[in-house]
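Report on one structure; see the data block that follows.
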Amino acid sequence: MSSEGEVEKRRLNEETKRLLEAEASHLASYYSQLAEDKAVNPKVREAAVIYSLAEEHLLDLELEEALKKATQALELFREAKGKPGQQDAVRLLCSVERQKQGPDFSIDKIQAELRSCRDSEDKRGQGAMLLALAEAQLAKALAGEALSNIEEALPLLRAAGDKRLEAFGNVLAAQAQLRRASAKDAALSAEAAVALYKDAGDRPGEGKSYNCLSLAQMDLGRASEALSAAHAALEIANELESQRLQANALQLISTVHLFKEKSRPAVQYAERALAVCRRGASSKAEGAALRLLVKSLIYRGDLQRALKEAEGALEDYAAAGIATAEAAAHGALASVRQARNEVELAISEQNQELDILKELGDRPGQLDGLLLLSQLHVQKKQAGLAKERAEEAKQLADDLQDKKAEVLATVALVHAQLVDAKHEDALNTAQEALRAAQETEDRHLEVAALTAISKASGAKGEHANGISKLMEAKALLMEAGDKRGAAAAALTLAEAQLLNQQPDDAMSSAEEARSLCKEIDFKKGLADALQKLAAAHLAKGDEQEAIKQALIAKKYCKAIEDVRGETALLHFLASTSLQRGDRKGQEAQQFQAKKQQDSAQGIEANRRHRNSAHEAVKRAREAMAYAKRNADVYAEASAMAHLAHALAILNRGQEGLGTCRRAEDLFREVGAVSEQASAVCLSAEIANLMGNKPKVLELANRA
């Protein structure tokens, strides 16, 4: 996957996790029940009502109101001398303050409460404060430190007999373990949480635990188990008639279907999630649902509908003045523009999203937006702007004390430095990213940093070091049990080996990726592995085997309705046919030079030359049809360039020139300047073949 694709994927994954993490500590359902129990002290019942309201405000990111209500609840619990209520209200206050001021802001308060609970030997209080401390550490991406506190808290809560809080501790443990890529441990923790919430009769908690279990099962590559857990969460949400829980469960089911490579149900569940959000869930959830719907449509290759959905939502949200959702719509539109290779338009939309997020004070959202902007500027080779955005993101990550985001921002800075040809600086920055990643104990972050070191090493010509770092990354992912990730790492390794002119090694790496993907029935991965294998065969001059592997890859893409994947493979097939045609053309010219064009060998060479061109015409036209049907202007233009080249081989130069001119116009439409120049150069080559010297000069001046 491309670096910009990785950033967008990260954003969607983080949005899903944020929704689930935001709901994880819910005690509102418990306190709502307590408020209705007439046998309970009236002051405790009043405090319970206010606590429930405070938690709802926190979930809606209405932080000032949440702070006010949580403070009131704490005062009432103190007046009523209700220790558990005081402890829960302190934790809630700390959660609000953490979101308002940063993770460290509430730590002194938590530690003071923890000391007090230890002095009084209050086991529940100690456990509650240790969990509050773990939440603050997770907010800083310090998963290892968080787990240490959770492990200390769980026996205390068990001894205190508080199953709800013990269950929540297991949910927190699962979140920390997922951040460390310890998916097996995360699944066990989530299963323990499900059982504890069941025993406590806490259906909302049980549903949230199933959501967490689904995430862990996805990380383990267990798609069916992930889907089963997500549906269990949806069943509970429907039973409780909770729109918020329904929306989150539907989004998770959509995400699992994408993981299962089932884009049609992914779109359907994302649509349902968006509909539920529009009936009353939070605007934050609505924005995430819109983004997921657009992502699902892009995955299907339906760029036309993705564009329509994003533009329509933007118009509606702007008219209604729903700023949070409007920001998300700009972000969704940026994703579509990027998928259509309209990078300047994508940058414009992303900047508009960022402006709104700044007005809203949504700093985590700003951080994601800055990372995406940096990647878009890298794509446009705008080194200065890419560096500026990466440095802004790094500073913001530092302000938020988010170590994970800090690593990602440092990696973004590496990409900017590489565009600026500052290879030594890039290597030093990548090594800094690795050191920071190792502190977080997040293997996926380590892999991102190792990949950055590999790219910087390759740019410096230190290919052996670059390849060795990719092997290290692959080993880390295998150790974590992430076979999809390991397969992707193997394909990145194959790409590096191809660039280093090691086609045999690249073939071995692609075969390893294919084997891993076959083992876990990951068809998109299989298609990618076969395409890389085809590229390796092509590098060895075996066009026939390259075409064979690419055709098999295309079948896998068709099986999972991956239209963009099919289109890319058609481009590869057309390009390979042209390469073979050019080689056969050279052979035919050699026979002609020897005046042997009428010999059996000369005739055969000429026939193969033309057959390859006819094959390229067929593939290019098929790619054009796919691209046009899905409003993918860039892909359509690329296919036209292949078609023009093939037509020139078939002595249909005038038709080739016209096709090339249309490709040039389409490249101009999406702002692809270098591709536009390449199209002009191709026109000049065709004109030269036709012997049209004035046209060659005219085109040379335009290029």
Side-chain angles (χ1 to χ4, degrees), residues 1-10 13 181 221 375 378-379 407-408 410-412 414-415 417-419 423 426-427 429-431 433-434 437 442-520 522-539 549-550 553 556 565 568-569 572:
M1 180 180 283
S2 65
S3 57
E4 57 270 15
E6 287 289 357
V7 171
E8 177 62 15
K9 178 185 171 186
R10 181 249 174 198
N13 288 345
Q375 289 295 343
V378 164
Q379 201 173 340
V407 174
L408 292 169
T410 307
V411 169
V414 174
H415 295 147
Q417 289 167 332
L418 288 173
V419 170
H423 303 150
L427 185 56
T429 305
Q431 288 165 342
L434 180 59
D442 184 328
R443 289 191 182 100
H444 290 102
L445 284 183
E446 285 187 61
V447 168
L450 286 165
T451 304
I453 291 174
S454 173
K455 286 183 178 178
S457 297
K460 284 189 69 183
E462 298 171 0
H463 298 290
N465 183 54
I467 286 170
S468 122
K469 293 300 177 187
L470 290 174
M471 287 178 171
E472 196 178 328
K474 185 181 63 162
L476 274 174
L477 291 163
M478 285 299 291
E479 183 187 329
D482 182 356
K483 291 184 179 178
R484 280 198 186 192
L491 292 178
T492 304
L493 179 57
E495 181 65 29
Q497 288 161 334
L498 282 172
L499 288 171
N500 199 31
Q501 299 181 343
Q502 298 172 300
D504 290 323
D505 290 340
M507 210 171 285
S508 297
S509 297
E511 284 287 7
E512 183 182 3
R514 178 163 70 167
S515 175
L516 284 167
C517 293
K518 189 173 183 182
E519 186 181 336
I520 57 176
F522 180 30
K523 292 182 177 62
K524 174 61 177 167
L526 273 167
D528 291 342
L530 286 163
Q531 185 169 0
K532 199 64 71 181
L533 200 56
H537 281 295
L538 192 59
Q549 297 298 334
Y556 279 115
L569 282 159
F572 178 86

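Side chains included, hydrogens not; waters and symmetry mates left out as well; all remaining heavy atoms used. Along the sequence shown, the residues carry numbers beginning at 1.
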How far does [atom1] of [X] sit from [atom2] of [Y], to the nearest 0.5 angstrom?
X: Ser509; Y: Glu512; atom1: OG; atom2: CD; result: 6.5 Å
X: Leu450; Y: Glu472; atom1: CG; atom2: CD; result: 5.0 Å
X: Leu493; Y: Met471; atom1: CG; atom2: CE; result: 5.0 Å
X: Leu526; Y: Arg514; atom1: CG; atom2: CZ; result: 8.0 Å
X: Gln431; Y: Leu434; atom1: CD; atom2: CG; result: 8.0 Å

So do the side chains of [X] and [Y] get within less than 4.5 Å of each other, counting heavy atoms only?
X: Leu476; Y: Glu479; result: yes
X: Ile467; Y: Gln502; result: yes
X: His415; Y: Val411; result: yes
X: Lys474; Y: Val447; result: no
X: Gln531; Y: Leu491; result: no
X: Asn465; Y: Lys460; result: no
X: Val414; Y: Lys455; result: no

Taking atom OH of Tyr556 as the centre, does the number of heavy atoms from other residues, nucleotides or ligands within less than 6.0 Å exceed 12? no
Checking side chain to side chain contact (heavy atoms under 4.5 Å, CB included) for the pair His444/Asp482: CA distance, chi angles, key distance, verdict? CA-CA 10 Å; His444 290 102; Asp482 182 356; 2.8 Å; yes
Over all atoms of both residues, closest heavy-atom pair of [X] and [Y]:
X: Asp505; Y: Gln497; answer: O-OE1, 3.1 Å
X: Leu470; Y: Ala496; answer: CD1-CB, 3.7 Å
X: Ser457; Y: Leu427; answer: OG-CD1, 3.6 Å
X: Ala534; Y: Gln549; answer: CB-CB, 3.9 Å
X: Ala489; Y: Leu477; answer: CB-CD1, 4.0 Å
X: Val407; Y: Ala437; answer: CG2-N, 3.6 Å

Given His463 and Leu499, is the side chain to side chain contact (heavy atoms under 4.5 Å, CB included) satisfied, shown in steps? CA-CA 9 Å; His463 298 290; Leu499 288 171; 5.8 Å; no
I'd like to know if Asp528 and Lys532 make a salt bridge, using a cut-off of under 4.0 Å between side-chain N and carboxylate O. no
Hey, are Arg443 and Glu446 close enough for a salt bridge, meaning a charged N less than 4.0 Å from a carboxylate O? no
